[in-house]
Structure formats: C-alpha cells, structure tokens
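Side chains are part of it too, since the values below use all heavy atoms of this structure and drop only hydrogens, waters and symmetry mates. Letters A, B, ... are given to chains in the order of the sequence lines, protein chains preceding strands, and every chain is numbered from 1. Just so we're clear, the structure is a prediction, and the values are computed from it rather than from any experiment.
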Number of protein chains: 2
Amino acid sequence: MSVRRERRDALENRQLILQTAHELFNEYGVQPVSMHQIAKTAGIGQATLYRKYAHKGDLCLDMLHDYGIKLMNEINDYLVRNRDNPASERLSGIVGFWIDAIEDKAELLIESESKMKCENDRGNFFQSPMYRFSKEKMSELLAEIVGDNQQPSFDPDIAAHAIICSLSPGGYFHIKQEKGYTTEQIKEHYSRMCKFSPQ
Amino acid sequence: MSVRRERRDALENRQLILQTAHELFNEYGVQPVSMHQIAKTAGIGQATLYRKYAHKGDLCLDMLHDYGIKLMNEINDYLVRNRDNPASERLSGIVGFWIDAIEDKAELLIESESKMKCENDRGNFFQSPMYRFSKEKMSELLAEIVGDNQQPSFDPDIAAHAIICSLSPGGYFHIKQEKGYTTEQIKEHYSRMCKFSPQ
DNA sequence: TCTTATAACGGACAACTGTCCGTTTAATTA
DNA sequence: TAATTAAACGGACAGTTGTCCGTTATAAGA
C-alpha cells in the first residue's frame, strides 16, 4: 500500500504557524494573543490552524519542542558527567534544570498547563517527550535511592510524577512569591528535600 | 461612618446562582455548563453573574466552600484522635483525606484548577481556606519530622506546598490511570513516601 | 414617608473558541 | 500530461466569555 506523504502546503502552513506565533508571542506575550489573531496574521483559515493544533496550549507545547530536545540533552550530559555522585544529588540536579526551564519558558508552560483538560488529549503536557523523559530519569534515580530496601517501598514512578507536578508553573510561582525566595533558594530547598531517604 | 449593608437583591441573587449552578452541574456535569447558561437559567443578567464570580473556576471554588469546612473539621478531628502517632503517619493521614476529596469533587476542582491563571486572582485555589489550612497542618507535621535536625533543612512550607501540588486533580488522575492503580493503592504509595525522613 | 445617593442590575456588545462544509489543491495513477 | 481522489483549505457560523453603560431598586437620611 502506498503511503501518501504530507502535502507541501500542509507542511508550509505548519511552519508558517510556528513562525507567526513566535513573532506575535514575542511582541505581545503569549496570553494576550488569540488563535484568531494567529490565523489572521499568518493569512490562513481558522480551521487550518485548529486542524494542526487542538488549542493554544497544544501550539505552545509544540513551540517548546526544540527547547525540550536541548533540555533533555543537557540533562543526559549532566547525568553522565555526575554518574559517580549520589543518586539524591543527581536527582536534585535534574530538578535544578527543570526549575530553570520553568523560569525560562513560564508563559508557554502556563498556557499549555491551563488548557490541559482532557486526558489523552492532543496538547496534554503529560504526553510530551520532556515530561516522559524527566519522569523516567527521576524514577531511575529514585529507584536507586530506595533500591537496597527489603520492605515494600513506594513506586518511584509515582514519586517522580509527584516531583514534576509539584513543579508546575502555577504552583511554583505561587510559592516563590509567597515565600519571597529567589530561584536559587527554591532550588536549594528542593535539593535538601531530595536528600531524604528511607528511615 | 455608616456601613451600607449588602442589598437584599444582591444576597438573593448570590443564593440563586449557587442553587442554579448546583442543579445544572448535577444534570449536565460541570464542564458542559456555560456561565451564560447559568445566568439565563437563573433569570439574571450576565453581568450580575460575573460581578459575583470572576469566572467559572471562581464559582466552582465557592461551591466547594461547605465541603471545605467539613473536610477541615474532619482533618482536625483526625489529628486530635491520632495526636500520639508518628508525625509521618499523621501526614499520610491528611494526604488520604485530600485524595478522597479529589475523588469526591473532581469536576469542580478540575474546573477551578484550569481557570487559575493570574496570581492574586479571585478564584485562585491557592487563596482558598482549604489549601491554606492543609498547607499549614502539613507544614507543622513536616517541621515535627525534621525538627530535631541541626543541619539546615528544607522549608516545611515548601514541602507541604509541593505535596499539595503533586495532588492536583490533573496530575492525580493521569498517574492513577497510567499506572492502573486504585485509589487505595495511590494512598498506600503516598503513605510510604511520607515515611521518608532525613539521612 | 419621601428623597436621594449609589449599589446592583441586565441587555447588548465585542472578541474569542472551535466546528462545519463546500471548495481548492497537491499527489498519485493512467 | 490529464484524470482522479482524498487531503487540506478557509470563510462563515454558532456558542461562549467577559465588559460596558444606561436603567432600576434599595437602604439611609431628612
């Protein structure tokens, strides 16, 4: 059976959308720019935009794609460089990268977080490579931390997921503001939390 | 100076809104009901509705008010009854109550979570009594857990906040489904995580 | 009780979201 | 190269959000 490859106009429009959104977000910020405005500015139909991206959060998540690749590479490098350090330290290292990412890409992340309603949805953050990768790496480190424990322990996947959720932009910026901490102070407290290990 | 008391019609409308929203949510679910529909059904103007509630999430949060009071009382009772148990056990007890609440009130919580955009906003979950109460109680228990530690430790407020954030409905239901765990199994894993204490 | 100031009301409106459906266009096949 | 076919397009539309502003009703004071 022959596989029809993606039509040229479809590909061009996808690139045009990302380009246009990037420019509009740079000029006005993410939140104030509407999907209508993106379509209008790009000179394409509303439906063409929605056919590619289910909602603005979906679009924002795709705009984080390259950043996500870069982040995953950096984390991989970090883990290799520090392979002989304690697992808890490497874990807090990943958390540090994650916090930097939130600070860097706050607007896009907040948008994609707020539109994340339906499970198994296009544009669900929990389906993104960045989330899956980080959960996996954190899970491995947590498994290493609790590894030599005979009594039944918690599921490292759940712990990793919990750590990532606790770093959702909404919650992160709230506590940061409420406590009046700097980014480095938050990192430091998370780092100390990672030092915890079973009684 | 004289304090004008709240006008009668304003009070009546507030009750009418809550009553109407309750009925509509019961019949159709939370997500499918629009603010327009609530106003129309209640027989009041759109602006009257928005004057009382900044958005649907704000309304949902208010609809959780009584439930929140009940929950706080239950947690208080629990803490008194178990005052002689280890702090980590009481902590996982609170988490248990919290998880039950998520399961009970998923729809309202998801709605209020997804509309929580601006900090210091009416209808921000982090301003709600339920959040503040739980964070305070968890923070006290965490302080107790790490209390007799001479080296600098993490801020219990941050840890408490992190635990609550990790239990946001979106994240909770995602991991529950992905792992195929029952509610009790999630509680069990959280309980084991709470057993952790400093190296 | 009547007047008055003002809080609250609500219809109408502008803008946004997301979808439908008839039309166009690119890739495949002859 | 022409015909075919299905993917992709985009204007238009219905429904929703959130606000504005002229009108109404209520509580306080005379």
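- Distance, A/Tyr53 OH to D/dC9 C1': 17 Å, rounded to whole Å.
- Side chain of B/His36, nearest nucleotide from D/dT17, D/dG18, C/dG10: D/dT17.
- Close to D/dA27, at under 4.0 Å from its OP1 or OP2, lies a side-chain N or O of B/Arg8.
- Taking 3.5 Å as the limit, the base of D/dG18 and the side chain of B/Arg51 contain no donor-acceptor pair of atoms between them.
- Along DNA chain C, the nucleotide nearest B/Gln46 and the nucleotide nearest B/Glu6 are compared for position; the residue whose nucleotide lies closer to the 5' end is B/Glu6.
- In this structure, B/Lys40 reaches neither bases nor backbone, as no heavy-atom distance under 4.0 Å exists between it and the strands shown.
- Atom P of nucleotide C/dT24 and atom CD of A/Glu12 are separated by 19 Å, given to the nearest angstrom.
- Residue B/Asn13 places at least one side-chain N or O closer than 4.0 Å to OP1 or OP2 of C/dC9.
- As a whole-Å value, the separation of A/Leu24 CG from C/dC16 C1' is 15 Å.
- Distance, A/Leu16 CG to D/dG10 C1': 14 Å, rounded to whole Å.
- With respect to B/Glu103 and B/Lys187, no salt bridge is recorded, no charged nitrogen being found less than 4.0 Å from a carboxylate O.
- One atom, CD1 of A/Ile17, and another, P of D/dC9, lie 8 Å apart when rounded to the nearest Å.
- Taken to the nearest 0.5 Å, the OG atom of B/Ser134 stands 10.5 Å off from the CZ atom of B/Phe97.
- At whole-Å resolution of the value, CD in B/Gln31 and P in D/dG15 are 16 Å apart.
- Closest approach of B/His55 and B/Met35 over heavy atoms only: C-CE, 3.8 Å.
- The nearest whole Å value for the distance from the CD1 atom in A/Ile44 to the C1' atom in C/dT24 is 16 Å.
- The residue B/Ala47 sits close to a base: some heavy atom pair falls under 4.0 Å.
- Under 4.0 angstrom from either OP1 or OP2 of C/dC9 there lies at least one side-chain N or O belonging to B/Lys52.
- By the 4.0 Å N-to-carboxylate-O rule, A/Arg132 lies too far from A/Glu136 to be salt-bridged with it.
- Look at B/Tyr50 and you'll find a side-chain N or O under 4.0 angstrom from OP1 or OP2 of D/dG18.
- B/Thr48 has a side-chain polar atom (N or O) that falls below the 4.0 Å cut-off from OP1 or OP2 of C/dG10.
- Checking each of B/Leu16, B/Ile44, B/Leu59, B/Leu18 against B/Ile38 for a side chain to side chain contact (heavy atoms under 4.5 Å, CB included) leaves exactly one that passes, namely B/Leu59.
- Nucleotide C/dC16 holds its P atom 7 Å from the CD atom of A/Gln37, rounded to whole Å.
- Summary of the strand contacts: A/Arg7 and B/Gly45 both lie near DNA chain C, and taking for each the nucleotide with the nearest heavy atom, the more 5' one is attributed to B/Gly45.
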